[in-house]
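Throughout, residue positions are numbered sequentially from 1 according to the sequence presented. All heavy atoms count here, side chains included; hydrogens, waters and symmetry mates do not.
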Amino acid sequence: MSDYFNPDNDNFMEAYNKKIYVDKSLLIEKIYQISKEDNKFICVSRPRRFGKSTDADMLVAYFSKGCNSSDLFDHLDISKWSEYKKHLNKHNVIFINIQEFYNITHQIDEMTSLITTAILRDIDDVFPNINYLKKDKLSLSLKDICDQTKEKFIIIIDEWDCVLRNTKSSEEDKDKYLEFMNSLFKGKKYAEMVYMTGILPIKKYGDESAINMFKEISMIDPIPIEEYMGFTDKEVKELCNTYNMDYNKMKLWYDGYHLDNDISIYNPRSIVSTILDNKYTNHWSKTGAFSTLKKQIIRNYDGLKEDVENLIAGQEIKVSIVSFQNDMSLFNSKDDVFTLLIHLGYLGYNNNSKTVYIPNKEVLMSFVEAINTPKYQRTYESIEKSQKLLEATWNLDEKEVAKGIEYMHDQYINSNQMYNNENSLYTTIFLSYYTAQDYYTITREFPTGKGFADIVFIPYNSIHPAMIIELKYDKSVNTAINQIKNKNYPNSLELYHGNLLLVGITYDKDSNGENHKHHICQIEKFQKD
């Protein structure tokens, strides 16, 4: 039994036999068709905990001649493929987990030598009489085998980018590693198909890459395997029905990676952990990626702090993804930081608007935990005060509400130019009422005039009143309340019936040429029939 050449199916069998298994086996057909119709070199990058290694193990179990996987796949969706039996355990497979070898050596020359030795040791058991030109060079040896036996290989590589993700790797080490990968694949007839998976797309040098023969599939460009990048909405709904979980809570906590107009995916590990623990919580902060999030958002790039605060407030931020070199050590701008966070799973990406956003409550909590640093201390403290502000609103304590909004407004806004900006006013309200998301669906109404923010809070439970909160400047507080009333309520309240709070908050825009920061609040109760 070999570990690296025609390995067994033990790894995939372990995943298949767990209490919760979601059938993603049609990915096999999809990948094989891509390799035949488009490009036989395929690199799929996505965040940790999104099933990368399980998919790699599945491909090994299906294609490898080193096992009989009929009992595994005969009951899965892939068995309906017209070519299912034709390819089941009929291919020579080389499987390499780069992280395994890199952990042993941390030296690129030694690592590539160890990989070569391990693979050829296993191959010698199957092809013992090969006349090698230079056996310490893996690419030459695989060419010799192919030339002399006419056999080709499906090469599957997991954690392909671990060298590039290691901040201790020197540029020389990275170059050596990419040269090894380039020599292994470029122009090689022995490669029937190459499937690589990792977190980062292929490293770029300017607009080029050292291994530019690969078709890249990522969280930024997931076509054509969008539905295999995580759990789909349909799959999560079925799991919720099976395990008696609240689908709406699952959606709030873990949905939000909108890969196209029709497909939104969930983090598989978070869904499984939530079902097994029967607890909706933040699983991200328990991972190694969380320290990377904290490190990146305190980078001293112009506007990064304000953009992070806007992201926490539910806004989308324009981003350019072109400059990021797919390297965790080389950053030139906040765009590079945000692009990395897309690949790490901490931001979603809207391909139509070219914007990033925080996808769900789980990731939002990670951001809030991560900003507990000196740079963001005032924002973090304001968020901590948000529950008291929410309770003051429920209690109709107008002075306390005005005081709380004023505090957040002053902490968040750092210039007169920003003070009256619509997005800044919206962010002020959202961050002030951060904990309201535990009780409400929060909707921003599109502004119809300059200098106000209007937010609607729809309660999950009827014990809490719905709320419309408007923050204005240069108007009386009565004007703010009347403006809410005159709108005949936003569309999002058309179907709501019950208690409603109208909250108007105003402040003077100018006082002796400067912003006057004293806020006034008025709250009215209303019964909506």
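Judged purely by atom type and a 3.5 angstrom limit, Tyr426 uses its side chain to pair as donor or acceptor with the backbone of Ala313. No donor-acceptor pair under 3.5 Å is formed between the side chain of Asn9 and the backbone N or O of Phe12. Checked by atom type and distance alone, the side chain of Asn39 pairs as donor or acceptor with a backbone atom of Met213 at under 3.5 Å. At least one donor-acceptor pair closer than 3.5 Å links the side chain of Lys188 to the backbone N or O of Ser183.
Donor-acceptor pairing under 3.5 Å is recorded for the side chains of Ser366 and Asn282. With 3.5 Å as the limit, one finds no donor-acceptor pair spanning the side chains of Thr232 and Glu227. Donor-acceptor pairing under 3.5 Å is recorded for the side chains of Glu100 and Tyr4.
Here the side chains of Tyr434 and Val368 are in contact, with some heavy-atom distance below 4.5 Å.
Salt bridge annotation for Asp158-Lys52: absent, with no cationic side-chain nitrogen under 4.0 angstrom from a carboxylate oxygen.
Centroid-to-centroid, the aromatic rings of Phe324 and Phe338 stay 6.0 Å apart or farther. Taking the six-membered ring for Trp, Tyr266 and Phe231 have ring centres at least 6.0 Å apart. Checked against a 6.0 Å centroid threshold, the rings of Phe63 and Phe153 do not count as neighbours. Between Tyr62 and Phe73, the distance from one ring center to the other falls under 6.0 angstrom.
Minimum heavy-atom separation, Ile223 to Glu226: CG1-OE2, 3.5 Å. Among all heavy-atom pairs drawn from Tyr16 and Asp71, the shortest one is OH-O, 4.5 Å.
The structure places CG of Leu259 at 4.5 Å from CD1 of Ile265, a figure rounded to the nearest 0.5 Å. Atoms CG and CD1, from Leu184 and Ile211 in turn, are 10.0 Å apart once rounded to the nearest 0.5 Å.
Between Phe41 and the options Tyr195, Phe214, Trp160, a ring-ring contact (aromatic ring centres under 6.0 Å, His included) holds for only Phe214.
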